[in-house]
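Residue numbers start from 1 in every chain, and the chains themselves are labelled A, B, ... in the order their sequence lines are given, proteins ahead of strands.
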Amino acid sequence: MEYDYRAIEKKWQGAWKADDIYKVENETFKPKCYVLDMFPYPSGAGLHVGHPLGYIASDIYARYKRLKGFNVLHPMGYDSFGLPAEQYALETGQHPAVTTQKNIDTFRQQLENIGFSFDWSREVRTSDPHYYKWTQWIFLQIFNSWYDHQQKKARPISELIDNFSSQGNGIGFGQKEIDNKFTAEAWNSFSEKEKQDILMRFRLAYSAYGEVNWCEALGTVLANDEVINGVSERGGHPVVKKKMRQWYMRITDYAERLLLGLEQVDFSEAMKEMQRNWIGRSEGAEIDFEIADHSKKLKVYTTRPDTIFGVDFMVLAPEHELVDHITSDHQRKAVEEYLDYVKSRSDRERMAEIKQITGCFTGAYAVNPFDGKKIPIWIAEYVLAGYGTGAIMAVPCGDQRDLLFAKHFDISITNIIGDHYDGNEANPTKEAVLSNSDFLTGVKMAGAIGVVNDKLEELGIGKRKVNYKMRDAGFSRQRYWGEPFPIFYKNGMAFPLDEADLPLELPHVENYKPGPDGQGPLANINDWVNLGEGVSRETNTMPGYAGSSWYFLRYADPDNSKEFASRQATDYWNQVDVYVGGTEHAVGHLLYSRMWTKVLYDLGYIGFDEPFKKLVNQGMIQGSSRFLYRSKKDNAFYSLNKLEIGETGEGFSDHYSKLHVDVSYVDGVTLDLNAFKKARAEYADATFHLEDGNYICAVEVEKMSKSKYNTVNPNELIEKYGADTFRMYEMFLGPIEQSKPWDTKGIEGVFRFLKKLWRLFFDENKGKIWTDEKASNAELKVLHRAIRKIGDDTERFSFNTGVSAFMVCVNELTELKCHKEEVLEPLLIMLSAYAPHIAEELYHQLGNTTSVIKASFPKADNQYLVETEKEYPVSINGKMRTTLTMPLNMTQGDVESQVLSNEIVKKWIEDKPVKKIIYVKGKMVNIVV
RNA sequence: GCCCGGAUGGCGGAAUUGGUAGACGCGUCAGACUCAAAAUCUGGUUACCGCAAGGUAGUGCAGGUUCGAUUCCUGUUCCGGGCACCA
């Protein structure tokens, strides 16, 4: 009987499905474990070998935990709203729901081939009205909340209204400061519109008129993390700043908690660092400077108040509100010209020409509060309106940008750090002792920061301030294929839809073209938008991250029609114990979902405020591309070492073109000429310049993609080797978190391992060869070592060494000719986490009638692991010399007598005095002479 | 520029706490079986010297701590990832 993986896998996949074996109940008597994959966007492209890597890892872990007695939630779903389906709809007129469904079907079929243990009865789709009803509902909860900075939590907006109407917006309540103060009487006399406008400044989901990242090609705005180097993340289209009314998530209010929460979760240090950088916390001070001959003050933000006597000029962002007010008549023309110039420049140009120094003097002067020095006020685009106060105090000797600016515009430079400044390069040190600094002269900078801060606060002209780089997240998209906002407008005010009217379903549209004035397609449907009597709907839709910010909660209770999930269900399943996915969501999805979780926690809907306890980032599987060189003169291909001009040589690209060749035509680096010639007629009669009879291709590691002809399809590998081999090989490639190029070569080794395992059970001639005889100690020792190693490795996500441990175990059993059921059955149970099909088949062959999936992970028994005697390596001065058999539980004295009686050691030591004998953790004896 | 990772045979990688570096797999070499091939099995495979036993060197590079360092410390080079006018 041969290892017929095709029949086995088909048989068991069918049986498992028929038995609903992966269906999981919200039980409470077993300990729970929640193992989650980042759900995919169902694109039409199909899977390549890189996609299932994380799914296989999480599946192994989920199966392992099940064997360990946990009630494991391991669901899968689809992030099915999004741009590609809509763009496809624009081109073909096909409804996005149709293409999405088709893609999901393909996706599901490919996943099932691999034998995952998902509980499909809990599948969620963000584009399903039963799901997005609750996305809309949560949006309304966020809309109806504000952030209390005293209690550091979200609270219902109604409590803020109560406070306003009883006490105004005085201090003492945790609302943040806004510039217009009002009393309770004033509040009560405000018009509805005035009240709503004020409340909008507190809501955690709010609409505001602001600069957004507008992408003309995509016809929509993008969140900050969706813009990379001034172009869109998706498609690489140019992005410009545009003023529009938009919805936002007030994620900045959660900046502090998002930062602190990182301490409690088990994410990689790199991931935490990325989030910290994105949040960008900095400690500093806001300082008010008087402006000569003006009543208004200039507020700047600095992290280095200690350098206040080194301030040689001020810089405002061109958009700063004071610019118009303070510009002198003499400078007005120059300033206006400069502002026109700034407006004409796109973000992209600004970034490309980052070194270019531009700016303009306003003609106004600020006054140093300590020594009364007059400081010229400039405007320049290197100061950003959106950060701090949009104005800085420039200290050329300590900040390189300020220095370059000062030199470019010939502003005199004050040196306050003595030798630390060399006149060429600014030095941002905190170690220097201050000079030219009035009362700070002679004080070390690091200490001076506190001194200045105290003085500023004492004089009431400044205060300590923490700033964050992170901005509020844009939440509107001018698209069709997303969640409609449950919002309508009346008299210019936004109102929430009644909960009973949810879900607000996407209406059908004739086409998917954008609406007028940069609005989304929904704006074209008059009937839907206009509700009569001046009431109209919001025509934007929510961004992709809306549905993905809470889906992990829905899996706990996916069919609930009364709540997004019952409190009982979310209390039971609680946090995701292990979340597996790529690093690309570091600052997007992971921050948004952390924020939503915190809001829901604050409002009392769930009992935890970090969604993911542990995060595992699987590395990217890169493609290994192969290239051919074709002469540009004639139809001739040159093998890598037959090129007449080397790749780096002059005129190379005039002589040759370098073409991607489909990796399926290449074995290693050798081109399969026959297959290649057959592929296209133009190749059939080409000439080939070979080396040693072969065509050798060039190799490069690139991203895996169809256009580079370097994709490898899992279905083909499964067809050739089976799903179990495929699963184990993907894990065997290397550490799960590491990126690595795909190489199919080694898969044979894993395939051989499974065939070898099979032969422990079946012999070609004799058939069944296992027996129920008692296993020898040697055999049990092999088994129990494997149990411990595989258990440990699986627990800590070290699946590559886990696979190796199986190989070692089977090799050793083969050597021992061990066919004992007593040993083989526990091995199969462990293997079922990695290679479920073959494990299930052999488990049944052994006579079991229940599924191996429901078995228990074996326990390692110490009596087979602990030896009473052990071979110790003995070294002299750290150099390995010999081994010595000694009892395991020996004391230091035993070591000495044993060691000294050893003939080989005696010879080595000769007459030298023994200074020390070191006995190390049962592993080694070292003699120091 | 700043912040994180990483560097180990021909290749992917292992070494869980400072304790026999190179597990496991690929590739390769030799052998067995076979008319032959495939499949399978056995053995070798870090380099150098040696028939062998064995010896010497060896985890990017230069130092240090230690009886002992892939592991800890200092400096340095290269590679990968992230951020990038954030005051």
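Here B:rC2 sits opposite B:rG82 as a Watson-Crick or G-U wobble pair (both hydrogen-bonding atom distances under 3.5 Å). The partner of B:rU34, taking Watson-Crick or G-U wobble pairs whose two distances both stay under 3.5 Å, does not exist in any strand shown. Across all strands shown, the partner of B:rG43 is B:rC29, judged by Watson-Crick or G-U wobble contacts whose two distances both fall under 3.5 Å. Nucleotide B:rC24 forms a Watson-Crick or G-U wobble pair with B:rG12, both donor-acceptor distances falling under 3.5 Å. With both pairing distances under 3.5 Å, B:rC61 is matched to B:rG75 as a Watson-Crick or G-U wobble pair.
The P atoms of B:rU8 and B:rC4 are separated by 22 Å, rounded to the nearest whole Å.
No engagement by A:N277 is indicated, since no non-hydrogen atom pair under 4.0 Å with the nucleic acid exists. No engagement by A:K915 is indicated, since no non-hydrogen atom pair under 4.0 Å with the nucleic acid exists. Using a 4.0 Å heavy-atom cutoff across all strands shown, A:R281 reaches no nucleic acid atom at all.
No more than 12 heavy-atom neighbours from other residues, nucleotides or ligands sit within 6.0 angstrom of CD on A:E321. Atom CZ of A:R464 has more than 12 heavy atoms from other residues, nucleotides or ligands within 6.0 Å. Sparse packing is recorded around NZ of A:K720, with 12 or fewer heavy atoms of other residues, nucleotides or ligands lying under 6.0 Å away.
Residue A:Q738 has a polar side-chain atom (N or O) positioned under 4.0 Å from OP1 or OP2 of B:rG13. Applying the 4.0 Å criterion to OP1 and OP2 of B:rU40, one finds that A:K755 has a side-chain N or O inside that range. Between A:R276 and B:rG82 there is no side-chain N or O to OP1 or OP2 distance below 4.0 Å. OP1 and OP2 of B:rG82 both lie 4.0 Å or more from every side-chain N or O belonging to A:T583.
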Annotated protein contacts, base or backbone, on nucleotides 20-25 of chain B with a non-hydrogen cut-off under 4.0 Å, one of B, S, - each: B--BBS
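The closest side-chain heavy-atom distance from A:F289 to A:K299 is not below 4.5 Å.
For A:E273 and A:M470, each mapped to the nucleotide of RNA chain B holding its nearest heavy atom, the one lying further toward the 5' end belongs to A:E273.
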